[in-house]
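Basis for what follows: all heavy atoms, side chains included, without hydrogens, waters or symmetry-related copies.
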Amino acid sequence: MSLTPRQKLSAAIARVSDPAQCIAPYFGAILRGLVRREMSPEMCAAMEAMGMPPSMAVTKDGLLFWASKYVETTSNVDLAMALLHETMH
């Protein structure tokens, strides 16, 4: 069964948050508290115009933006690590 990008993102957040997997459960509350928004095509284009591949970004207001193609093509482990990175912003 293949997950949609939205489902894959949720699974990665659950993976990071799960104390049994010992990745970083203390970041779970932060990750679960972020409001998730898929990046619009315009936002992706703006990032590309600045020389940045669209991936993920977090705002000071607690919004987590994610690019569908990035989530689709990133391994589960790398996606979990990227989410940890975003919690530190």
Run the side-chain donor-acceptor check on residues 32-39: report pairs under 3.5 Å with partners two or more places apart or on a different chain.
residue, atom, partner, partner atom, Å
Arg32, NH1, Ser17, OG, 3.3
Arg32, NH1, Gly28, O, 3.4
Arg36, NH1, Ser10, OG, 3.0

Ignoring hydrogens and angles, write down the donor-acceptor pairs under 3.5 Å from the side chains of residues 79-89, residues two or more places apart or on other chains.
residue, atom, partner, partner atom, Å
His85, NE2, His89, NE2, 2.9
Glu86, OE1, Val58, N, 3.3
Thr87, OG1, Leu84, O, 2.6

Give the table of side-chain donor-acceptor pairs shorter than 3.5 Å for residues 65-74, with sequence neighbours excluded, one pair per line with atom names and distance.
residue, atom, partner, partner atom, Å
Thr73, OG1, Lys69, O, 2.9
Thr73, OG1, Tyr70, O, 3.4
Thr74, OG1, Tyr70, O, 2.5

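Note on Val16: it does not cluster hydrophobically with Val77, by side-chain heavy-atom contacts below 4.5 Å among ILVMFWY residues.
For Asp78, the side-chain hydrogen bond (donor to acceptor under 3.5 Å, both in side chains) test picks out Ser75, with sequence neighbours left out.
Distance check: Leu9 CG to Leu31 CG gives 9.0 Å after rounding to the nearest 0.5 Å.
The list of side-chain hydrogen bond (donor to acceptor under 3.5 Å, both in side chains) pairs with a residue in residues 42-62, not counting sequence neighbours, reads Ser40-Glu42.
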